[in-house]
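The structure appears below as structure tokens.
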Amino acid sequence: MGTLTGVVLAAFAGYGLAWYAGAIDGNFALLLLLAVVITGVYWVAERWVFLPRRRAAAEHAVAEAQRRHDECVRQGVVPEPVDLEALRRRLLAQPWWLDWTAGLFPVILAVFVLRSFLFEPFKIPSGSMIPTLHVGDLILVNKYHYGVRLPVVNTKVWDNHEPQRGDVIVFRYPPQPSLDYIKRVVGVPGDEVAYLNKQLIINGQPVPREAAPDFYDADAMRYRKQFIETIGDKRVHTLVDDERPPFIPMATEFPGRDQCRYTVEGVTCRVPPGHYFVMGDNRDNSLDSRYWGFVPERNIVGKAVFVWMNFGDLGRIGPFE
């Protein structure tokens, strides 16, 4: 079993290294599920097979040592002292291959349940959600707010809330589902969403907005215009870059593009059933639904709710809405 376990652990390590090196697109949910299954098998085998065998072997060895001791005493020979308790502990100890499998099962199972059904950590990799979320923010994503989904296959098994305008969601990037993206919902199924001349319009009504003090973008070392928009029931801080033209360059072919009209002023889309239109708060520095289309409901991972760490700015910790 030690050799087989070594091969299994080496396979996990090889997968992780290949993923880290960029040789493959890793799937952490699948990797975690396999770890739960494999360590769970070892845990069950330890509980019902290996541990009873070690206990029987320990009791036999202790009894045999005690028998030899008593026999020596009966023959008048001074026996060599034997620590029977130490002998029992040594024989009951788990071998290394059980320490690294069955021993880790409770921890891996707890992580799997927490990450799959409750909360998942996520790191903000780009500035598309500035000023709401900054590069380096470590956020928690509520996995059950929009319903419970099976891990890996992402099939919903229990409904909860529906995504609302203004929600910040994490989802599987439609053109490449192995990647997670984070954006804000601005259009729900049936909505007509327009972004024309830097103004967001939903169902024919311009989204109310008011000017806010200019925002200093430390990465670009420049100030950008900032507005406070009311999207749904949320007041949202957004940025606009006046140096960028309003038209949408290099929009791709995507399912449902026939529901969109592109002009020099921007884009207007009718959101299909079961899909959502999302945008970044950093409006002119965000690749979002304007460029690659709608987010299918099945791609939604969860609702972003809390910044739990930013190692470069501890003041970022806390709710962001």
Side-chain angles (χ1 to χ4, degrees), residues 126-133 145-146 161-175 177 180-212 224-242 244-304 321:
S126 71
S128 70
M129 286 298 293
I130 292 174
T132 305
L133 295 170
H145 184 79
Y146 299 130
H161 303 90
E162 297 293 330
Q164 302 295 314
R165 299 186 199 98
D167 287 356
V168 177
I169 64 171
V170 171
F171 55 92
R172 295 177 177 178
Y173 179 45
D180 288 333
Y181 265 35
I182 182 167
K183 304 291 180 186
R184 188 182 298 277
V185 175
V186 297
V188 299
D191 280 350
E192 183 183 73
V193 178
Y195 191 67
L196 304 174
N197 295 319
K198 308 297 180 75
Q199 170 70 58
L200 180 61
I201 304 168
I202 300 177
N203 296 325
Q205 299 297 319
V207 168
R209 72 178 186 179
E210 57 190 81
R224 300 188 189 278
K225 281 189 176 180
Q226 182 175 197
F227 295 93
I228 301 176
E229 297 180 342
T230 301
I231 303 177
D233 60 355
K234 297 177 177 63
R235 287 171 58 82
V236 178
H237 288 254
T238 61
L239 302 182
V240 171
D241 187 347
D242 282 340
R244 298 285 185 91
F247 69 87
I248 309 300
M250 298 181 294
T252 62
E253 291 295 329
F254 53 83
R257 177 160 174 162
D258 60 326
Q259 300 296 311
C260 297
R261 301 188 306 276
Y262 288 88
T263 67
V264 294
E265 296 176 315
V267 62
T268 302
C269 292
R270 175 72 64 178
V271 185
H275 291 72
Y276 295 87
F277 194 95
V278 298
M279 293 176 64
D281 292 347
N282 193 356
R283 292 287 166 75
D284 293 302
N285 292 277
S286 172
L287 289 175
D288 47 42
S289 288
R290 295 170 292 176
Y291 295 86
W292 43 254
F294 308 102
V295 177
E297 189 275 338
R298 65 179 178 274
N299 282 42
I300 295 176
V301 174
K303 180 180 181 181
E321 291 185 329

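Just so we're clear, the structure is a prediction, and the values are computed from it rather than from any experiment.
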In Å and rounded to the nearest 0.5 Å, what is the [atom1] to [atom2] distance from [X] to [Y]?
{"X": "Asn299", "Y": "Asp180", "atom1": "CG", "atom2": "CG", "value": "10.0 Å"}
{"X": "Cys269", "Y": "Phe294", "atom1": "SG", "atom2": "CZ", "value": "4.5 Å"}
{"X": "Ile169", "Y": "Lys303", "atom1": "CD1", "atom2": "NZ", "value": "11.0 Å"}
{"X": "Asn285", "Y": "Asp241", "atom1": "CG", "atom2": "CG", "value": "6.0 Å"}
{"X": "Met250", "Y": "Leu287", "atom1": "CE", "atom2": "CG", "value": "8.0 Å"}
{"X": "Glu265", "Y": "Lys198", "atom1": "CD", "atom2": "NZ", "value": "13.0 Å"}

Closest non-hydrogen atom pair between [X] and [Y], with its separation:
{"X": "Gly293", "Y": "Ser289", "value": "O-OG, 2.8 Å"}
{"X": "Asp288", "Y": "Ser286", "value": "OD2-OG, 2.9 Å"}
{"X": "Tyr146", "Y": "Asp167", "value": "OH-OD2, 2.8 Å"}
{"X": "Pro189", "Y": "Pro273", "value": "CB-CA, 4.0 Å"}
{"X": "Gly266", "Y": "Ile248", "value": "C-CG1, 4.2 Å"}
{"X": "Asp281", "Y": "Pro131", "value": "CB-CD, 4.4 Å"}

For this session: Look at atom CZ of Arg298 and say whether more than 12 heavy atoms of other residues, nucleotides or ligands are closer to it than 6.0 Å.
Result: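 No - once you tally the heavy atoms of other residues, nucleotides and ligands closer than 6.0 Å, there are 12 at most.
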
Is there a side-chain contact between [X] and [Y] (heavy atoms, below 4.5 Å)?
{"X": "Pro175", "Y": "Tyr291", "result": "no"}
{"X": "Thr132", "Y": "Thr238", "result": "no"}
{"X": "Met279", "Y": "Arg184", "result": "no"}
{"X": "Glu162", "Y": "Val188", "result": "no"}
{"X": "Glu192", "Y": "Thr268", "result": "yes"}
{"X": "Gln259", "Y": "Arg257", "result": "no"}
{"X": "Asp191", "Y": "Arg165", "result": "yes"}
{"X": "Arg172", "Y": "Val301", "result": "yes"}

Keeping the roles fixed (side chain from [X], backbone from [Y]), state whether a donor-acceptor pair exists under 3.5 Å.
{"X": "Arg209", "Y": "Phe227", "answer": "no"}
{"X": "Arg270", "Y": "Gly190", "answer": "yes"}
{"X": "Tyr181", "Y": "Pro174", "answer": "no"}
{"X": "Thr252", "Y": "Phe254", "answer": "no"}
{"X": "Asn282", "Y": "Ile130", "answer": "no"}

For this session: Apply ring-ring contact (aromatic ring centres under 6.0 Å, His included) to Phe171 and list each qualifying residue two or more places apart in sequence or on a separate chain.
Result: Trp292

Problem set entry | Tyr276: ring-ring contact (aromatic ring centres under 6.0 Å, His included) partners, not counting sequence neighbours |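 Checked Tyr276 against ring-ring contact (aromatic ring centres under 6.0 Å, His included); zero matches.
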
Problem set entry | CA sep, side-chain torsions, deciding dist, call: Asp284, Val240, side chain to side chain contact (heavy atoms under 4.5 Å, CB included) | CA-CA 6 Å; Asp284 293 302; Val240 171; 3.7 Å; yes

For this session: For the pair Arg283 and Glu229, find out whether any cationic side-chain nitrogen is under 4.0 Å from an anionic carboxylate oxygen.
Result: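 Answer for the salt bridge query: yes.
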
Problem set entry | Ile231 and Leu200: CA distance, side-chain angles, deciding distance, side chain to side chain contact (heavy atoms under 4.5 Å, CB included) verdict | CA-CA 10 Å; Ile231 303 177; Leu200 180 61; 4.0 Å; yes

Exercise. Under the side chain to side chain contact (heavy atoms under 4.5 Å, CB included) criterion, do Val278 and Ile182 qualify, and how do the steps go?
Worked result: CA-CA 9 Å; Val278 298; Ile182 182 167; over 6 Å; no

